[in-house]
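Down below is the structure, laid out as structure tokens.
No experiment lies behind these values; they were computed from the predicted model shown. Each chain gets a letter, A, B and so on, in the order its sequence line appears, and its residues count up from 1.
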2 protein chains.
Amino acid sequence: MSETKRGFVRNTKQREVILSVLRGTDTHPTADWVYQEVRKELPNISLGTIYRNLRILVESGQALELSFSSDCSRFDGNPENHYHFACTECGNVYDIDMPVAQGLDAEAEKASGHKVMFHRLEFYGICQACGGGADGDLQ
Amino acid sequence: MSETKRGFVRNTKQREVILSVLRGTDTHPTADWVYQEVRKELPNISLGTIYRNLRILVESGQALELSFSSDCSRFDGNPENHYHFACTECGNVYDIDMPVAQGLDAEAEKASGHKVMFHRLEFYGICQACGGGADGDLQ
DNA sequence: ATAAATGCAAAGCATTTGCAACCAT
DNA sequence: ATGGTTGCAAATGCTTTGCATTTAT
């Protein structure tokens with residue numbers, strides 16, 4: 001789940017262009033959009049290279065991936081809005097019993113100018129079962 | 001993107017069992033896990049039926065789907081943690097310029113007992129371009 | 001020279017969909 | 001009887017991967 005280590009990384013024209021495309025937009029593009037864009041400069045690049053490099057950029061902290069922790073949807077029988085904790089180690093998702101901060105919606109609405117209906121909040125870290133206690137502070 | 005309207009919905013044994021399986025666990029199962037579980041009671045049910053009914057349950061507010069707004073990953077060239085707004089109408093994702101609430105991590109850690117490293121917060125609603133102004137209150 | 005990175009195509013997976021049969025209303 | 005629902009299988013779409021070749025070091 002966490003293959004964050006990579007011996008060393010070579011600089012390639014492809015990765016350079018991908019990163020500059022990513023930095024040059026605020027549209028939170030999909031991999032395919034990046035592909036189409038990069039192709040204008042490197043017509044022979046392949047989608048596989050886009051994916052491989054996006055992953056490298058995310059793992060090395062140069063880009064953010066916007067998606068839920070899991071690669072597939074998970075479902076919750078409790079339809080009321082509540083928060084979740086996802087363990088980055090084992091992938092388990094837990095409910096968090098803490099009050100929903102409604103004030104955040106108003107704050108975001110003022111900051112963005114968009115009509116905010118609700119929000120979703122997920123916490124990430126190491127769960128108790130994986131050795132990450134709330135007060136452990138192992139590292 | 002929003003096919004929330006459905007003429008009327010019939011009650012079926014399949015949907016009943018799916019909902020009870022969903023209500024009977026707190027593991028935030030995947031569609032496939034639900035499938036395996038429901039199969040113990042209805043051996044002939046198909047995965048397609050699971051997916052169709054999970055969608056109905058989510059659309060009718062009886063269950064929650066845990067996933068990012070989009071069906072595919074989106075990438076952000078800004079690697080610093082910040083919040084996003086996703087329009088439920090057009091699917092566009094916008095950055096929100098508001099301070100990251102670090103206090104939330106401590107609160108979640110206390111409430112959950114897990115070691116929290118960071119959190120992700122997304123707001124949902126109607127963006128300005130789709131007619132949802134911050135003060136509009138159209139409805 | 002050496003191993004990382006690429007392009008290409010095939011494969012993998014989660015999810016959706018077309019369709020004939022079925023069944024709740 | 002009507003049309004929503006199902007089971008099945010094929011299809012779709014995003015993402016990954018195997019491999020021979022290229023290329024940064």
Side-chain angles (χ1 to χ4, degrees), chain A residues 1-19 21-22 28-60 62-75 91 93, chain B residues 1-19 21-22 28-60 62-75 91 93:
Chain A
M1 191 138 286
S2 51
E3 171 70 29
T4 318
K5 250 144 215 164
R6 203 170 279 268
F8 68 99
V9 180
R10 283 183 188 163
N11 295 324
T12 65
K13 185 73 185 163
Q14 286 89 338
R15 182 171 315 120
E16 182 191 309
V17 175
I18 291 172
L19 184 54
V21 162
L22 213 51
H28 306 84
T30 63
D32 195 71
W33 189 93
V34 173
Y35 175 48
Q36 303 304 340
E37 209 62 20
V38 171
R39 251 198 329 177
K40 294 176 182 170
E41 190 155 340
L42 304 174
N44 291 321
I45 198 171
S46 75
L47 235 194
T49 298
I50 301 289
Y51 276 104
R52 276 184 289 238
N53 279 296
L54 285 176
R55 181 130 45 100
I56 289 175
L57 292 174
V58 168
E59 284 177 356
S60 63
Q62 298 174 81
L64 239 46
E65 182 173 4
L66 276 50
S67 66
F68 191 64
S69 60
S70 172
D71 48 330
C72 61
S73 276
R74 286 161 167 276
F75 298 87
V93 177
Chain B
M1 191 138 289
S2 52
E3 169 73 27
T4 319
K5 249 143 214 164
R6 204 170 279 265
F8 69 99
V9 181
R10 281 184 190 162
N11 295 323
T12 65
K13 185 72 185 165
Q14 285 88 340
R15 184 172 313 122
E16 182 191 308
V17 175
I18 290 172
L19 184 54
V21 162
L22 213 52
H28 308 85
T30 63
D32 195 70
W33 188 93
V34 173
Y35 176 48
Q36 303 303 340
E37 208 62 21
V38 171
R39 248 195 334 174
K40 295 177 183 171
E41 191 154 342
L42 304 174
N44 290 321
I45 200 172
S46 74
L47 236 193
T49 298
I50 301 289
Y51 275 105
R52 276 184 289 237
N53 279 297
L54 284 175
R55 179 128 47 100
I56 289 175
L57 292 174
V58 168
E59 284 178 354
S60 62
Q62 297 174 81
L64 238 49
E65 181 173 4
L66 276 50
S67 65
F68 192 64
S69 60
S70 174
D71 47 329
C72 60
S73 276
R74 286 160 166 277
F75 297 87
V93 177

Side-chain atoms of residues 40-49 of chain A: list all donor-acceptor pairs with protein atoms under 3.5 Å, sequence neighbours left out, distances to 0.1 Å.
unit_1	atom_1	unit_2	atom_2	d
Lys40(A)	NZ	Glu37(A)	OE1	3.4
Lys40(A)	NZ	Glu37(A)	OE2	3.3
Ser46(A)	OG	Thr49(A)	N	3.4
Ser46(A)	OG	Thr49(A)	OG1	3.3

Original post:
Where do Ile56(A) and Asn53(A) land on the side chain to side chain contact (heavy atoms under 4.5 Å, CB included) test, with the steps shown first?
Top reply: CA-CA 5 Å; Ile56(A) 289 175; Asn53(A) 279 296; 4.2 Å; yes
Original post:
In whole angstrom, what separates Phe75(B)'s CZ from dC14(D)'s C1'?
Top reply: 11 Å
**OP:** Report yes or no: is the cationic atom of Arg39(B) (NZ for Lys, CZ for Arg) closer than 6.0 Å to the six-membered ring centre of Tyr35(B), at no more than 45° off its axis?
**Re:** yes
Subject >> Axial bend angle, the helix from dA1(C)-dT25(D) to dT25(C)-dA1(D): five-pair end segments, nearest 10° >> reply: 40°
**OP:** State which residues pass side-chain contact (heavy atoms from CB on, under 4.5 Å) with Leu19(B); sequence neighbours excluded, sorted by chain then number.
**Re:** Arg23(B), Leu57(B), Gln62(B)
Original post:
Contacts to DNA chain D from residues 30-41 of chain B, heavy-atom cutoff under 4.0 Å, which residues?
Top reply: none
Original post:
Among residues 65-73 of chain B, which contact DNA chain D at a heavy-atom distance under 4.0 Å?
Top reply: Cys72(B), Ser73(B)
Subject >> Interatomic distance, Ser69(A) atom OG to Leu66(B) atom CG [nearest 0.5 angstrom] >> reply: 8.0 Å
**OP:** Using atom types as modelled and distance alone, determine if a side-chain donor or acceptor of Arg74(A) lies under 3.5 Å from a backbone N or O of His28(B).
**Re:** yes
**OP:** Would you name the heavy atoms of Ile50(A) and Ala31(A) that are closest together and state the gap between them?
**Re:** CG2-O, 3.7 Å
Subject >> Over all atoms of both residues, closest heavy-atom pair of Phe75(A) and Leu54(B) >> reply: CE1-CD1, 3.6 Å
Original post:
To the nearest angstrom, how far is Arg55(B) atom CZ from dT5(D) atom P?
Top reply: 12 Å
Subject >> d(CG, Leu54(A); C1', dT16(D)) in whole Å >> reply: 13 Å
**OP:** For each nucleotide in nucleotides 4-12 of chain C, reading 5' to 3', give B when a protein heavy atom comes within less than 4.0 Å of its base, S when such contact involves only the sugar-phosphate, and - otherwise.
**Re:** BSBBB----
**OP:** May I ask you to verify if any side-chain N or O of Tyr51(A) is less than 4.0 angstrom from the OP1 or OP2 atom of dT15(D)?
**Re:** yes
Subject >> Least distance between heavy atoms, Ser73(A) atom then Glu65(B) atom >> reply: OG-OE2, 2.6 Å
